[in-house]
*Asks:* 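First the structure, then my questions, so here it is.
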Amino acid sequence: MVHDPLFGSVDLKRRILDQLDNQMTFISIETLAESIDGVSVNAVKKACEELKLFIKKQFKPTEATFLISRSKGVLYNRRTVNNRAVSTKLLNEDIFYNIIRELYLKRSVSTTRICLKHHISESQLRREINKRGAFLHDYNLHISVGSRITIKGPETAIRTSGFTYLFFIHRSILNVSWVTDPEYYIRLSKDIIRYLGVETTDNIIQIVSLIYYVTQISVLDKRKLVLDEKRISYFKEFNLPKVPSFLPSWSQDDWEFMLLTIYAVNLFRFDIPIDISDFKQKITTQPLEEWMALYEKTFCPLTRDQITYVEDIYYKDMILFKVVQINPKIMIIINSVDIDRLKNQYPYFYNKTIKLWHEFITLHKSKNNEYVFLQSLLLSLYFTPIEKLLPHINVFLFTDYPVVISRFMQNRLTFYFARSYQLFFKTTIDEADIVIGTSDISTALRENGKLNGLPFVIINRLISERDLYLVEKQLTSIVESKLYE
């Protein structure tokens with residue numbers, strides 16, 4: 001999973017909460033630290049102590065508790081809140097989050113006022129900004145500290161990073177505590193959507209409200225978009241609606257930039273009436289075509305609708321990075337998935353996607369980056385039927401027990417391994433990848449030339465945990481060998 005480097009201290013606590021949310025009993029600090037990449041035991045211990053005090057202060061015991069025991073470890077027990085609610089409250093107390101919030105609103109804020117408000121010295125403030133503000137350099141944004149703290153950079157970068165971070169952190173304008181009148185922005189967003197003549201949902205309206213909000217406060221503060229010649233030429237290739245009359249302060253550039261951002265960021269299915277046919281003519285489709293061919297070779301044929309979907313994402317990505325010019329790192333954070341969990345849940349599928357990826361970047365070295373890898377992984381996961389996510393294993397079950405007992409054993413094996421393997425029980429050994437039996441027939445089978453090097457596992461009639469462990473060892477070996485065939 002990709003982590004947020006801008007609000008790192010809050011991010012560590014969020015990661016701790018996510019890990020503890022999967023534990024129903026106490027877990028030691030050491031075990032917890034091992035489950036979080038790149039973090040020391042002392043850092044996790046300190047963060048847990050802070051979380052205990054914070055949750056006790058911010059939430060009633062009926063909502064959430066955070067317990068620390070010297071002998072048992074830590075236990076996080078939430079009842080009527082989710083982790084996002086806890087993270088939002090953590091952010092509201094984070095000094096850098098509050099600085100960023102004010103800079104997006106006003107672009108500049110008094111250094112003295114920030115120091116007094118958060119009870120820190122100017123030297124501490126500078127250290128905090130230098131440490132965490134460095135991440136913004138990737139977006140051509142810089143924070144300077146003098147008598148005032150100021151954010152500098154292209155207006156386009158300020159707007160896109162402001163929107164994407166609001167979405168990443170809050171998801172809806174209703175969750176942004178410092179927006180004083182969210183209903184106003186929701187109402188205007190509904191007007192915009194009606195003007196565009198597209199169908200939508202309440203959830204989409206609230207998300208659109210975030211980007212409308214970011215654009216509106218910039219327009220009211222008379223912050224003008226400055227587009228270079230290349231961007232201006234791109235804008236001319238799109239047939240975009242005129243800015244509506246109910247946005248009298250907006251320029252056509254403000255309107256078009258917001259529309260293209262909504263369209264290209266592709267956070268939801270939102271069919272804005274934009275003609276991009278001229279733009280398409282200038283974009284090479286060879287990487288797209290070769291990725292689709294590799295997917296079909298690795299997994300299964302794509303339907304016509306799936307091909308259209310991939311093409312749509314490909315062109316939107318081109319607009320996103322060439323025209324809107326959002327930094328891919330922001331999109332990686334927004335679209336992040338828990339890769340470790342995916343790898344553990346679907347190891348066979350994951351390894352096949354890695355093979356696909358290596359073949360793809362051999363053909364297109366310029367595409368070898370984290371964002372394209374993530375898109376490849378997510379598209380593969382989205383398109384691949386559930387039966388293709390798990391490896392297909394043919395089993396010959398040999399037993400001298402009655403058919404009813406044999407069927408019971410098949411069901412036990414099938415259900416136990418259902419999340420990792422698809423087991424298909426065959427009537428002849430010639431079709432099998434593995435032989436499982438309740439008696440040692442391996443000698444007889446070898447003498448008759450039937451075993452042919454197939455793995456063979458002897459199990460009990462009442463299948464034990466040890467039996468399952470021995471079977472799984474062989475299944476893992478079979479899958480690994482199939483991957484490299």
Side-chain angles (χ1 to χ4, degrees), residues 1-59 63-69 72-98 100-101 128 131-136 138 161 164-171 175 328-346 350 370-371 373-374 377-378 381:
M1 180 181 288
V2 178
H3 306 298
D4 178 15
L6 199 56
F7 308 116
S9 62
V10 174
D11 186 64
L12 173 57
K13 290 169 185 171
R14 180 182 61 78
R15 290 159 67 188
I16 288 171
L17 293 176
D18 286 343
Q19 288 294 330
L20 292 178
D21 216 25
N22 289 305
Q23 303 291 329
M24 300 306 292
T25 57
F26 279 91
I27 179 175
S28 72
I29 294 284
E30 291 75 18
T31 302
L32 177 60
E34 286 175 8
S35 68
I36 302 173
D37 293 338
V39 182
S40 69
V41 173
N42 285 338
V44 171
K45 183 178 180 181
K46 181 174 182 289
C48 285
E49 288 167 351
E50 291 173 355
L51 275 169
K52 178 184 175 182
L53 295 173
F54 177 82
I55 289 176
K56 185 175 181 180
K57 175 185 173 184
Q58 294 288 339
F59 297 95
E63 294 175 320
T65 56
F66 195 98
L67 306 176
I68 300 180
S69 164
K72 298 177 184 177
V74 293
L75 175 66
Y76 169 52
N77 192 351
R78 62 175 183 84
R79 297 174 178 86
T80 59
V81 297
N82 61 15
N83 289 350
R84 183 182 295 168
V86 181
S87 297
T88 299
K89 285 184 179 288
L90 283 166
L91 280 168
N92 285 334
E93 294 197 357
D94 181 78
I95 179 173
F96 196 70
Y97 174 80
N98 281 282
I100 287 291
R101 180 191 72 187
E128 193 72 17
K131 181 174 70 174
R132 293 207 251 169
F135 176 73
L136 292 171
D138 288 336
S161 61
T164 48
Y165 261 101
L166 280 178
F167 176 76
F168 171 67
I169 294 167
H170 299 292
R171 282 313 198 257
N175 297 329
K329 289 183 180 179
I330 292 184
M331 299 308 298
I332 292 167
I333 291 171
I334 286 178
N335 293 314
S336 67
V337 294
D338 191 336
I339 290 179
D340 287 337
R341 184 175 294 181
L342 181 65
K343 200 186 302 184
N344 290 333
Q345 188 168 358
Y346 302 119
Y350 182 78
E370 197 173 352
Y371 177 78
F373 168 73
L374 188 61
L377 180 65
L378 290 174
L381 185 62

*Asks:* Any chance you could lay out the side-chain contact (heavy atoms from CB on, under 4.5 Å) test for Arg14 and Asp18, step after step, and finish with the verdict?
*Replies:* CA-CA 6 Å; Arg14 180 182 61 78; Asp18 286 343; 3.4 Å; yes

*Asks:* Residues two or more places apart in sequence or in another chain: which of them pass salt bridge (charged side-chain N to carboxylate O under 4.0 Å, His left out) with Arg171?
*Replies:*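 None.
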
*Asks:* Begin from the C-alpha positions of Leu51 and Tyr76 and carry the test side-chain contact (heavy atoms from CB on, under 4.5 Å) through to its verdict.
*Replies:* CA-CA 10 Å; Leu51 275 169; Tyr76 169 52; over 6 Å; no

*Asks:* Using the test side chain to side chain contact (heavy atoms under 4.5 Å, CB included), find all partners of Ser35 that sit at least two apart in sequence or belong to another chain.
*Replies:*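 Listed in chain order: Gln19, Leu32.
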
*Asks:* Kindly give the heavy-atom pair with the smallest separation between Asn175 and His170, and that separation in Å.
*Replies:*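 Heavy-atom minimum between the residues: ND2-O, 2.7 Å.
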
*Asks:* What salt bridge (Lys or Arg N to Asp or Glu O under 4.0 Å) pairs are there with at least one residue in residues 82-92, not counting sequence neighbours?
*Replies:*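 Passing the test, one end in residues 82-92: no pairs.
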
*Asks:* Hey, what do you get for CZ (Arg79) to CD (Glu63), rounding to the nearest 0.5 Å?
*Replies:*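 If I round to the nearest 0.5 Å, the distance is 10.5 Å.
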
*Asks:* For the atom pair CD1 (Ile36) and OG1 (Thr31), what is the distance rounded to the nearest 0.5 Å?
*Replies:*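 Interatomic distance, Ile36 CD1 to Thr31 OG1, rounded to 0.5 Å: 11.5 Å.
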
*Asks:* By side chain to side chain contact (heavy atoms under 4.5 Å, CB included), which residues pair with Ser40, not counting sequence neighbours?
*Replies:*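 Scan of Ser40 (side chain to side chain contact (heavy atoms under 4.5 Å, CB included), adjacent residues dropped) gives Asn42, Ala43.
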
*Asks:* Apply side-chain contact (heavy atoms from CB on, under 4.5 Å) to residues Tyr97 and Val10 and explain how you reach the verdict.
*Replies:* CA-CA 10 Å; Tyr97 174 80; Val10 174; over 6 Å; no

*Asks:* Answer whether the closest heavy-atom distance between the side chains of Val39 and Arg15 falls below 4.5 Å.
*Replies:*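 Side chain of Val39 against side chain of Arg15, heavy atoms only: contact under 4.5 Å found.
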
*Asks:* If the condition is ring pair (Phe, Tyr, Trp, His ring centres under 6.0 Å), which residues does Tyr350 pass it with, not counting sequence neighbours?
*Replies:*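 With sequence neighbours excluded, Tyr350 shows a ring pair (Phe, Tyr, Trp, His ring centres under 6.0 Å) to no residue whatsoever.
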
*Asks:* Residues two or more places apart in sequence or in another chain: which of them pass side chain to side chain contact (heavy atoms under 4.5 Å, CB included) with Ile68?
*Replies:*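 For Ile68 the side chain to side chain contact (heavy atoms under 4.5 Å, CB included) partners, ignoring immediate neighbours, are Cys48, Glu49, Lys52, Phe66, Val74.
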
*Asks:* Between CG of Asp94 and NZ of Lys13, what distance do you get to the nearest 0.5 Å?
*Replies:*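 Reported to 0.5 Å precision, the distance equals 8.0 Å.
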
*Asks:* Can you list the residues that meet the side-chain hydrogen bond (donor to acceptor under 3.5 Å, both in side chains) rule with Gln58, with sequence neighbours excluded?
*Replies:*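 Listed in chain order: Glu93.
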
*Asks:* Apply ring pair (Phe, Tyr, Trp, His ring centres under 6.0 Å) to Tyr371 and list each qualifying residue two or more places apart in sequence or on a separate chain.
*Replies:*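 Testing Tyr371 for ring pair (Phe, Tyr, Trp, His ring centres under 6.0 Å), a comparison that skips the adjacent residues, returns Phe321.
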
*Asks:* Taking all non-hydrogen atoms of both residues, which atom of Val86 and which atom of Phe54 are closest, and how far apart?
*Replies:*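 Smallest interatomic distance, heavy atoms only, reads O-CE2, 4.1 Å.
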
*Asks:* Between CD1 of Ile169 and OG1 of Thr88, what distance do you get to the nearest 0.5 Å?
*Replies:*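 Here the rounded value is 8.5 Å.
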
*Asks:* For Asn92, is there any backbone N or O sitting under 3.5 Å from a side-chain donor or acceptor partner on Asn98?
*Replies:*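 Flag set: sc Asn98 to bb Asn92 pair under 3.5 Å.
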
*Asks:* Can you give me the closest heavy-atom contact between Leu17 and Asn83, atom names plus distance?
*Replies:*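 Scanning both residues completely, I find the closest heavy atoms to be O-ND2, 3.8 Å.
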
*Asks:* Quick one: side-chain hydrogen bond (donor to acceptor under 3.5 Å, both in side chains) partners of Ser69, sequence neighbours excluded?
*Replies:*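 If we apply the side-chain hydrogen bond (donor to acceptor under 3.5 Å, both in side chains) test to Ser69, skipping adjacent residues, the hits are Ser71.
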
*Asks:* Testing the basics here: between Val81 and Ala64, what is the closest heavy-atom pair and its distance to 0.1 Å?
*Replies:*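 Closest pair (atom of Val81, atom of Ala64, distance): CG2-CB, 4.0 Å.
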
*Asks:* What distance separates Asp11 CG from Leu91 CG, expressed to the nearest 0.5 Å?
*Replies:*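 CG of Leu91 is found 9.5 Å from CG of Asp11.
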
*Asks:* CG/Leu342 to CG/Leu381 distance, rounded to the nearest 0.5 angstrom?
*Replies:*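 Output value for this atom pair is 6.0 Å.
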
*Asks:* Please identify each residue that fulfils side chain to side chain contact (heavy atoms under 4.5 Å, CB included) with Glu30, with sequence neighbours left out.
*Replies:*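 For Glu30 the side chain to side chain contact (heavy atoms under 4.5 Å, CB included) partners, ignoring immediate neighbours, are Ser28, Val41.
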
*Asks:* Taking only residues two or more places apart in sequence, or in another chain, which ones meet Lys46 in a side-chain hydrogen bond (donor to acceptor under 3.5 Å, both in side chains)?
*Replies:*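 Once residues adjacent in sequence are excluded, the partners of Lys46 under the side-chain hydrogen bond (donor to acceptor under 3.5 Å, both in side chains) criterion are Glu50.
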
*Asks:* I would like to know whether Arg78 and Asp21 meet side-chain contact (heavy atoms from CB on, under 4.5 Å); could you show each step before the answer?
*Replies:* CA-CA 8 Å; Arg78 62 175 183 84; Asp21 216 25; 3.0 Å; yes

*Asks:* Listed by chain and number, what are the side-chain hydrogen bond (donor to acceptor under 3.5 Å, both in side chains) partners of Ser161, not counting sequence neighbours?
*Replies:*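 So Ser161 forms a side-chain hydrogen bond (donor to acceptor under 3.5 Å, both in side chains) with Tyr104.
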
